[in-house]
Protein chains: 2
Amino acid sequence: MKKHLLVISTLDTKGRETVYVKECVQKLGIHPVLMDVGLLEKPFVPPDIPREEAAGAAGYDLDSFIRKGDRSGAVKAVQEGGAIVARRLLREGKLDGVFGMGGGTGTSIATFIMRSLPFGLPKLVVSTVASRNIREYIETKDIVMFHSVADLLGSNAFLRLILGQACHAICGMIEKGSALQKEKPMVAVTAYGINSACALLAEPQLQKRGYEMIAFHANGCGGMAMEEFISEGLVAGVLDLTPHEIADEMFGGYCKGIGPTRLETAGRMGIPLVLAPGGLDNAVFSPFYPMPDRLQGRKKHVHDIRFCVRMGPDEMKEFARIIAEKLNRSSGPAHVLVPRRGWSEADKPGMEFFDPEANQVFVDHLRTILTPRIPVEEMDVHISDPAFAARAVEIMDSMIRQNPIRLHPQMKGFE
Amino acid sequence: MKKHLLVISTLDTKGRETVYVKECVQKLGIHPVLMDVGLLEKPFVPPDIPREEAAGAAGYDLDSFIRKGDRSGAVKAVQEGGAIVARRLLREGKLDGVFGMGGGTGTSIATFIMRSLPFGLPKLVVSTVASRNIREYIETKDIVMFHSVADLLGSNAFLRLILGQACHAICGMIEKGSALQKEKPMVAVTAYGINSACALLAEPQLQKRGYEMIAFHANGCGGMAMEEFISEGLVAGVLDLTPHEIADEMFGGYCKGIGPTRLETAGRMGIPLVLAPGGLDNAVFSPFYPMPDRLQGRKKHVHDIRFCVRMGPDEMKEFARIIAEKLNRSSGPAHVLVPRRGWSEADKPGMEFFDPEANQVFVDHLRTILTPRIPVEEMDVHISDPAFAARAVEIMDSMIRQNPIRLHPQMKGFE
């Protein structure tokens, strides 16, 4: 059976370009499904999914927004409705990839719909606004951003080349497919610059026990990407070795940007979690993420243009409260593992941040408020000690073996 | 003959992932050429282009940087040298596409090399830092940014899927090729939100005369992309209908970010230029591009979260000086065409910015300093009047016909 590519486009302003994409995709043996998300004129060609149908899927009357001149309402309607239609096509086996194109508005609509779809499904957008801050378009997703350089306006040799290359790219991705190879269950870990040794040491330990490691950079975006991975049932367990983002979130630091579900998805999904306080000894700042005045006078550790600031007893209590409240709500097995000899490369004997007493405030406070169901285990080593990674993996393996693995259909082979 | 894909990678930290990419690309019938840009350990596999050879191509001794621990020097060495090697491969017919992958440093090195290569040549980077401000990586180029979501660390089913899709994407792009179809010569135009009608009206006029139009969004990045297009000999003429970026550059506005060569490349290349003062009646600001205090009290026009501020006689003189100095240096034919009835949708009879007297200061001052070789022609119409676009195209067509078209080898068929 032919594979299906959903093509999301404003068929009023990008009609000719969309026809070019449609024909190119057809030549490559893929069946294009046109979704119109135009908000101005009538579509240049008849779509497979008219804009009214897209908006209607979410219960919106698109024409009423257009009549009122409520542009942001109309955008929201086709975004939310388009996402519902796309997920329905996926369930029906009629969606093998998504293609979008546009300027600011077109990119915003297409990527909203893409972000509602699972990891691994090919997603590509040709955009005039690709050379700037694209976080709002990409967020945590595997969206491919293709800079059009020139405006998507008019027909010319360069646009035909770029759109042709983009069609070949997405059709190639569809040929590769979206299925994860069902080899071994994946265990997610978090790491960042000054707490990465622990993850590197964990990998061979995990492999020895039959797992694969998937690492997420605890930089605000990475932690949330991991939460979504867990949410899609793609991992068998979580070694959250670097909840450092909590500190940066508190002070507006470099790794801020986590959402309220950070640290919560494993518990909600009933997936085993081992938590270590990696990087909670510090918050990271840079010229673009300036240190708040209330941290003046704290010990500093300079990285590059970024610098770390030592967290004290007050923050330790607050971290303990935040983590305990999240873990207390969990429905799955969890285990807190704390290294007594330091939580990062800046927090070890001889380094600026080494301060076991401050760290102990976290542990003591955590013990008073964490449900007794969840063990808090201390080890007299540094977080980068091989024994620490080995113990974390040992606990994880034991929890996974005692609990049925709940996995995404893509990974059912593991059960 | 097999097509060649240059694979740029740090073979110390991303060795296993690079081997996976190499094998995947080979299976797709493309010949991978590995360039090592690792700066720490020995490469995991033997590269085709060792890091010392890459750096050496630009005259750098990489080992001396590494011994001194001069990381930024080492990065610069492999960037500059890698670009020289890549351009040499292109000249030798051994480069049909470029693939890169990495975190911040790897992305920075790979995209630096990509930016040194012509438009149209397939360029794709798999990056952990794709969901943020990527302007420094992309700049004006057609680089495809593939968000890896997870760290490029360790081997797991998801990374293999993402890297496999990326290989299929770049190999598909190579299959499409990088040659522009030699149909008709392209004429570049600039447009932006409140001065786009003129470009839209110009397109059918250009088509009627045998040209294709390629439009650039005058937003700081787009204007410079056009300059690079001109520089690569890809266009036969330039209708610079929206030099608005000069105003935003002066006041730190939304469309700032142009470089010193803005408005100069056509003249340097001897390519015909028609310049109109589109959008020079205003500068655009937004919450992220705040209006300087010295513009307080000026007339405003609200767009969305962006707003425009009227430029006055002082700025008009300054715009005239900047433009005249640039045009006076040009070696090609140029023509300034000025609409007397307004330069944007906010500057027309009945709108906030309509002020022909202020605009006239620009024209009068320009006439006093512009070389008499370049005509300044006024028309008693608004810039969005069809007669204005028609006249601009008429001048352009006449200049192109009187001048030999100097084009890129890709477009030689037009001559």
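A note on names: the letters A, B, ... follow the listed sequences, proteins ahead of strands, and every chain is numbered from 1.
Atom OG1 of residue B/Thr128 and atom CZ of residue A/Phe216 lie 12.0 Å apart, to the nearest 0.5 angstrom. Between atom CG of residue B/Leu153 and atom CD of residue A/Glu203 there is a gap of 6.5 Å, rounded to the nearest 0.5 Å. If you take CE on B/Met145 and CD1 on A/Ile138, they are separated by 9.5 Å, rounding to the nearest 0.5 Å. Put simply, CE on A/Met173 and NE2 on B/His168 are 10.5 Å apart, with the number rounded to the nearest 0.5 Å.
What you find for B/Val149 and A/Phe119 is that their closest heavy atoms are CG1-CE2, 3.7 Å. Minimum heavy-atom separation, B/Phe158 to A/Met186: N-SD, 4.0 Å. Between A/Leu161 and B/Ala179, the shortest heavy-atom contact is CD1-O, 3.8 Å.
Ranked by heavy-atom pairs under 4.5 Å with chain B, the first of A/Ser155, A/Cys167, A/Ser72, A/Gly103 is A/Ser155. Among B/Gly177, B/Ala199, B/Ala191, B/Cys24, the residue with the largest count of heavy-atom pairs under 4.5 Å with chain A is B/Gly177. Counting heavy-atom pairs under 4.5 Å between each of B/Ala150, B/Ala166, B/Ala225 and chain A puts B/Ala150 at the top. Per-residue counts of heavy-atom pairs under 4.5 Å with chain B were compared for A/Leu206, A/Asp151, A/Ile170; the largest is that of A/Asp151. Highest contact tally toward chain B, considering only A/Asn133, A/Ile174, A/Ile143, A/Leu124, is held by A/Asn133 [criterion: heavy-atom pairs under 4.5 Å]. Between chain B and the residues A/Glu175, A/Met213, A/Arg160, the most heavy-atom pairs under 4.5 angstrom are made by A/Arg160. Most heavy-atom pairs under 4.5 Å with chain B: of the set A/Ser131, A/Ala169, A/Ser148, this distinction falls to A/Ser131.
Proximity of a side-chain donor or acceptor of A/His147 to a complementary backbone N or O of B/Lys141 within less than 3.5 Å is detected. A/Gln165 places no side-chain N or O within 3.5 Å of a backbone atom of B/Lys176 that could act as its donor or acceptor partner.
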Please lay out, stage by stage, how B/Leu180 and A/Asn156 fare under the test side chain to side chain contact (heavy atoms under 4.5 Å, CB included). CA-CA 9 Å; B/Leu180 291 169; A/Asn156 59 65; over 6 Å; no
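With a 4.5 Å cut-off on non-hydrogen atoms, B/Glu139 touches chain A through its backbone but not through its side chain. B/Ala188 does not touch chain A: none of its heavy atoms, backbone or side chain, sits under 4.5 Å away. Heavy-atom distances place no part of A/Tyr137 under 4.5 Å from chain B, backbone and side chain included.
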